[in-house]
Amino acid sequence: QVQLEESGGGLVQPGGSLRLSCAASGTILRINTMGWYRQAPGKQRELVATIIQDGSTNYADSVKGRFTISRDYPKNTGYLQMNSLKPEDTAVYYCNAVVTLSSDYNILHYWGQGTPVTVSS
């Protein structure tokens, strides 16, 4: 199967930056889509950004111009560069991947365990 391991979360002051990483491992033939979602306390999980196989990206309006999603294809790793962070960006950030398995060619969704981001002075 597939495992997603996130890293890079932490505490940062407003206006600061963080870079999240999501490393995928396992029986991966191809990662079709990688995405980042977040869930703030008391709120539903929401889409932050996605990147598909051809490099096309999509962002939530609230992060456009501040966050950048990218991928390292050979390393099966995704990144979320977050700049100009605001207190309202505080949440647990989750990596998501849509993966074609090398074992049976099934296409499945996977989630990471989440990494907390706190933006506070």
#### Entry: side chain to side chain contact (heavy atoms under 4.5 Å, CB included) between Val119 and Gln13, intermediate numbers included
CA-CA 5 Å; Val119 185; Gln13 291 186 342; over 6 Å; no
#### Entry: Atom of Leu4, atom of Ala24 and distance for their closest heavy-atom approach
CD2-CB, 3.5 Å
Check: residues 44-57 side-chain donor-acceptor pairs under 3.5 Å, at least two apart:
from	atom 1	to	atom 2	distance (Å)
Glu46	OE2	Arg38	NE	2.7
Glu46	OE2	Arg38	NH2	3.3
Asp54	OD1	Ser56	N	2.8
Asp54	OD1	Ser56	OG	2.8
Asp54	OD2	Ser56	OG	3.3

### Query
How far does CG of Asn106 sit from OG1 of Thr27, to the nearest 0.5 angstrom?
10.0 Å
### Message
Please determine whether a side-chain nitrogen of the Lys or Arg among Asp89 and Lys86 lies less than 4.0 Å from a carboxylate oxygen of the Asp or Glu.
### Response
no
### Query
Can you find a pair of side-chain heavy atoms, one from Thr68 and one from Leu80, that are under 4.5 Å apart?
no
### Message
Could you report the tightest heavy-atom contact between Met34 and Cys95, atom names first, then the distance?
### Response
CE-SG, 4.0 Å
### Query
So do the side chains of Val2 and Leu101 get within less than 4.5 Å of each other, counting heavy atoms only?
yes
### Message
Is the shortest side-chain heavy-atom distance between Gln1 and Tyr110 below 4.5 Å?
### Response
yes
### Any pair counted as ring pair (Phe, Tyr, Trp, His ring centres under 6.0 Å), so long as it reaches residues 25-47, sequence neighbours left out
Tyr37-Trp111
### Query
Side chains of Leu18 and Leu85: does their closest heavy-atom pair fall under 4.5 Å?
yes
### Query
Does a side-chain heavy-atom distance below 4.5 Å link Ser17 with Gln81?
yes
### Query
Which value, rounded to the nearest 0.5 Å, describes the distance between Asp72 atom CG and Cys22 atom SG?
12.5 Å
### Task
Establish whether Leu108 and Ile31 are linked, either directly or via other cluster members, by ILVMFWY side-chain heavy-atom contacts under 4.5 Å.
yes
### Query
Does any pair with a residue in residues 57-108 pass ring pair (Phe, Tyr, Trp, His ring centres under 6.0 Å), and if so which ones, sequence neighbours excluded?
none
### Task
Could you list the residues that satisfy side-chain contact (heavy atoms from CB on, under 4.5 Å) with Thr118, not counting sequence neighbours?
Leu11, Thr90, Ser120
### Task
Using side-chain contact (heavy atoms from CB on, under 4.5 Å) as the criterion, list what pairs up with Ala23, not counting sequence neighbours.
Thr77
### side-chain contact (heavy atoms from CB on, under 4.5 Å) involving Asn32 - partner list, sequence neighbours excluded
Arg30, Val98, Thr100, Ile107
